[in-house]
Amino acid sequence: MKLIKDKVAKLSFVALLMTVTAAMFYTPTASAHGEKSQAAFMRMRTIHWFDLNWSKEEVAVNDTMTISGKFHVFAGWPETVDKPEVSFLNIGIPGPVFIRAGSWIGGQLVPRSVTLELGETYEFKVLLKARRPGDWHVHTMMNVEGGGPIIGPGKWVTVTGSMGSFVNPITTLTGETIDLEHFNLGNIYFWHAFWYALGLAWLVYWARKPMFVPRSIAVESGKADSLITATDKKIAMAFGAGTVAIVAFSMGSTNEQYPVTTPLQAGLMRGMKPIEMPAPTVSVKVEDASYRVPGRAMQMTLTITNNGDSAIRLGEFNTAGVRFLDPAVAEDTTNYPDDLLAEEGLTVSDNSPLAPGETRTVEVTASDAAWEVYRLADLIYDPDSRFAGLLFFFDEAGNRQMTMVDAPLIPTFI
Ligand SMILES: [Cu+2]
């Protein structure tokens with residue numbers, strides 16, 4: 001009996017060891033950085049990123065790459081997120097592994113916060129210059145004041161080379177070319193060290209003599225004055241006057257060295273130019289929409305009317321950065337991040353060409369692991385069970401048009 005017990009104990013110990021070892025060696029690659037944990041309805045009902053393009057997947061230190069695309073600011077913006085009156089086009093990376101050499105919305109450089117209008121679609125571009133070697137998951141993102149970060153799709157980009165060779169040269173309006181990576185560092189080190197040393201010198205001057213008990217006794221016995229000698233007073237004056245003199249002198253010399261300086265440039269940029277989107281010739285009505293809990297898919301019943309003059313087919317449904325495609329109609333050619341791309345994720349009950357003037361009600365299923373991986377299934381925990389997304393229709397010539405859908409999304413349970 002005892003033998004069996006020992007054996008069981010030994011075996012379970014081995015099993016435990018194996019589990020621990022396996023756990024230590026299991027390093028899952030994070031493929032999302034923050035967005036998964038955000039409320040699903042917020043991600044579906046704020047900013048829709050589409051037509052994204054990462055110009056490179058591998059880039060050497062000092063080389064540049066661009067992320068470009070479009071984003072639609074959803075008109076049914078959630079109450080708890082402030083309207084994007086003050087927003088900032090950011091990039092989601094773990095620190096400056098790239099530097100942002102430029103960012104544009106509608107062709108306008110946007111180093112400051114901008115005002116975005118609900119319901120509008122904008123074009124953007126971000127120019128990144130590689131700085132730190134590694135594999136980085138690069139996201140587009142929008143910071144909304146009073147709302148928080150709205151994270152767009154992320155894609156892995158590899159930076160090669162060595163960070164030591166990174167340079168960030170700029171030519172100032174006074175004609176000097178400086179490297180922002182190192183500019184003025186020596187000066188900052190010098191002045192901080194200088195003033196720190198001066199503070200230490202003052203402390204050391206007094207700390208040469210006994211500091212606490214003898215002085216306390218002197219003060220208590222009424223001989224406080226004896227603690228500060230005439231020399232002490234002179235030294236104190238020297239420190240005081242010297243500090244003022246050094247401040248005044250170095251201020252003057254700095255002004256001489258940099259005669260032209262401007263204040264920090266700041267302030268909201270209004271009047272961002274949206275894309276003139278052609279009025280869609282297809283109209284879509286969401287009759288109902290549901291998702292199974294638990295499950296990996298959502299279903300919509302859509303009534304589609306083609307008001308244009310060419311037959312159309314539904315090619316894509318895009319929500320929260322996840323793209324569901326019907327492979328018979330649309331194919332991704334942009335190397336969209338795998339984990340967000342459901343190449344065969346969209347099934348339409350009848351996706352035969354819809355002739356001009358025709359109306360058809362179809363069942364659409366958007367299904368992919370991404371629905372669960374990106375926790376859109378977690379809509380069940382949200383206080384507003386509504387979704388929104390983009391539908392892309394293609395005519396016979398391959399022209400695309402976009403329509404917005406937005407409706408309640410009702411869970412169904414087994
Ligand atoms: Cu990420």
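Note that the numbering runs from 1 along the sequence shown for the chain. Not measured: the values here are computed from a predicted model.
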Would you call Glu181-Arg131 a salt bridge at under 4.0 Å N-O? yes
By the definition side-chain contact (heavy atoms from CB on, under 4.5 Å), identify the one residue from Thr403, Leu391, Val282 that meets it with Ile304. Val282
State whether Asp382 and Arg45 are salt-bridged, where the test is any N-O pair (Lys NZ or Arg NE/NH1/NH2 against Asp/Glu carboxylate O) under 4.0 Å. no
For the pair Glu123 and Lys125, find out whether any cationic side-chain nitrogen is under 4.0 Å from an anionic carboxylate oxygen. no
Looking at CG of Leu314 and CG of Leu325, how far apart are the two atoms once the value is rounded to the nearest 0.5 Å? 10.0 Å
Could you check whether atom OH of Tyr189 has more than 12 heavy atoms from other residues, nucleotides or ligands sitting under 6.0 Å from it? no
Nearest-0.5 Å distance that lies between atom CH2 in Trp371 and atom CG in Leu376: 5.0 Å
In short, Ile275 meets Tyr122 closest at the heavy-atom pair CD1-C, 3.7 Å
Between Asp332 (side chain only) and Asn335 (backbone N and O only), is there a donor and an acceptor less than 3.5 Å apart? yes
Please round to the nearest 0.5 Å and tell me the distance separating atom CD1 of Ile410 and atom OG1 of Thr412. 10.0 Å
Within the supplied structure, the quantity of interest is the number of heavy atoms (other residues, nucleotides, ligands) at a distance under 6.0 Å from Leu185 CG; does it exceed 12? yes
Would you say that more than 12 heavy atoms from the other residues, nucleotides or ligands in this model lie under 6.0 Å from the CG of Asn307, or not? yes
Quick one: closest heavy-atom pair of Asp350 and Val362, and the distance? O-CG1, 3.5 Å
Side-chain heavy-atom pair Val373, Lys36 within 4.5 angstrom cut-off: yes
Does the side chain of Thr46 come within less than 4.5 Å of Trp77's, by heavy atoms? yes
For atom OH of Tyr205, decide whether the heavy atoms of other residues, nucleotides or ligands shown that lie under 6.0 angstrom number more than 12. yes
Any side-chain donor paired with an acceptor under 3.5 Å for Thr158 and Asp135? yes
Counterpart residues, side chain to side chain donor-acceptor pair (under 3.5 Å), relative to Glu85 (two or more places apart): Arg270
Counting only heavy atoms not in Glu343 (residues, nucleotides, ligands), do more than 12 fall under 6.0 Å from its CD? no
If we count only N and O atoms by modelled type, under 3.5 Å, do the side chains of Asn306 and Arg360 hold a donor and an acceptor together? no
Heavy-atom closest pair (Leu52 atom, Phe124 atom, distance to 0.1 Å) is CD2-CZ, 3.6 Å
Note, Phe166 side chain near Ile99 side chain (heavy atom, < 4.5 Å): yes
Within 45 degrees of the ring normal and closer than 6.0 Å to the centroid, is that where the cationic atom of Arg100 sits relative to Phe98? no
Do the non-hydrogen side-chain atoms of Lys129 and Leu127 ever get within less than 4.5 Å of each other? no
Derivation and outcome, ring pair (Phe, Tyr, Trp, His ring centres under 6.0 Å), residues Phe392 and Phe50: CA-CA 11 Å; Phe392 293 99; Phe50 65 104; 5.7 Å; yes
State the CG-CH2 distance between Leu128 and Trp54, to the nearest 0.5 angstrom. 11.5 Å
Please say whether more than 12 non-hydrogen atoms of neighbouring residues, nucleotides or ligands are located less than 6.0 Å from CD in Glu344. no
Is the shortest side-chain heavy-atom distance between Gln401 and Met277 below 4.5 Å? no
Using the ring of each side chain (for Trp, its six-membered ring), is Phe194 parallel, tilted or perpendicular to Trp191, with breaks at 30° and 60°? perpendicular
Around atom CZ of Phe190, are there more than 12 heavy atoms from other residues, nucleotides or ligands closer than 6.0 Å? yes
Less than 4.0 angstrom from a charged side-chain N to a carboxylate O is my criterion; do Glu35 and Arg375 meet it? no
Compare all side-chain heavy atoms of Val73 with those of Pro84 and state whether any distance is below 4.5 angstrom. yes
Quick check on Lys209: does its NZ atom have over 12 non-hydrogen neighbours (other residues, nucleotides or ligands) under 6.0 Å away? yes
Heavy-atom check, side chain of Val348 versus side chain of Glu363, under 4.5 Å: no
Heavy-atom check, side chain of Arg323 versus side chain of Thr334, under 4.5 Å: yes
With rounding to the nearest 0.5 angstrom, report the CG to CZ distance, Asp326 to Phe394. 10.0 Å
